[in-house]
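In what follows, residues are counted from 1 in the order of the sequence shown. The model shown is predicted, which means the values in this text are computed figures rather than measured ones.
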Amino acid sequence: MGVKLKKIEYHNVHTHKTYELPEEDITEAFGSVDRFKEIISHLGDDWGGPEKIGNPPTDAEDDKLMDFLAEYDYEAENDWFSDRKGGYDITYNIINNE
């Protein structure tokens, strides 16, 4: 009988999701493509860039955006930041055989 060991690595991953969204669907959901872009621009640097345009989204628009995006497929690319930068935390646990 040997020793059962669990090694846990703690990584950071940045997932980049690219959507192809039909303009007709955007207009139907948000009134216009311009309003959609305004909403996106207020959601942080990762969404629309550093410059905010127009009015910030209402809570209802923010919720609608999350529901809207959930309806579409996307291409995902993962950037395992901790692997690329070298270094991540590791813990080890002995698993008792009882």
Neighbour count above 12 (heavy atom, 6.0 Å) for Asp59 CG = no

request  = Could you walk me through whether Ile8 and Asn93 pass side-chain contact (heavy atoms from CB on, under 4.5 Å), step by step?
outcome  = CA-CA 8 Å; Ile8 304 169; Asn93 295 315; 3.6 Å; yes

inquiry  = More than 12 heavy atoms of other residues, nucleotides or ligands under 6.0 Å from CG of Asp73: yes or no?
reply    = no

request  = State whether the side chain of Lys64 and the backbone N or O of Ala29 hold a donor-acceptor pair below 3.5 Å, judged by distance alone.
outcome  = yes

task = Check Pro57 against Asp62 and note the closest heavy-atom contact, atom names and distance.
result = CB-N, 4.3 Å

Validation row: Thr15, Glu77 side chains within 4.5 angstrom (heavy atoms) = no

key: Side chain proximity check, Thr27 to Val33, heavy atoms < 4.5 angstrom   = yes

remark   = Heavy-atom closest pair (Ile53 atom, Ser41 atom, distance to 0.1 Å) is N-OG, 3.0 Å

message = For Leu65 versus Phe30, what's the shortest heavy-atom pair and its separation?
response = CA-CZ, 3.7 Å

note = Taking every heavy atom of Glu9 against every heavy atom of His11, the minimum-distance pair comes out as OE1-NE2, 2.9 Å

inquiry  = Using the rule side-chain contact (heavy atoms from CB on, under 4.5 Å), only one of Arg35, Lys37, His42 pairs with Ile39; which is it?
reply    = Arg35

inquiry  = On a heavy-atom basis, which atom in Glu38 and which in Asn55 lie closest, and how many Å separate them?
reply    = OE1-N, 3.7 Å

request  = Would you sort out whether Ile95 and Leu5 count as a side-chain contact (heavy atoms from CB on, under 4.5 Å), showing the intermediate values?
outcome  = CA-CA 6 Å; Ile95 300 171; Leu5 175 70; over 6 Å; no

task = State, yes or no, whether a side-chain contact exists between His16 and Asp79 at a heavy-atom distance under 4.5 Å.
result = yes

message = Distance check, rounded to the nearest 0.5 Å: Trp80 atom CH2 versus Asn78 atom CG?
response = 6.5 Å

ask   = Got a second to check how far Asp63's CG is from Met66's CE, nearest 0.5 Å?
value = 8.5 Å

message = Tyr19 and ring-ring contact (aromatic ring centres under 6.0 Å, His included): which single residue from Phe36, Tyr74, Phe68 fits?
response = Tyr74

task = Just do the side-chain contact (heavy atoms from CB on, under 4.5 Å) check on Thr91 and Tyr10 with the steps written out, would you?
result = CA-CA 8 Å; Thr91 60; Tyr10 299 90; 3.5 Å; yes

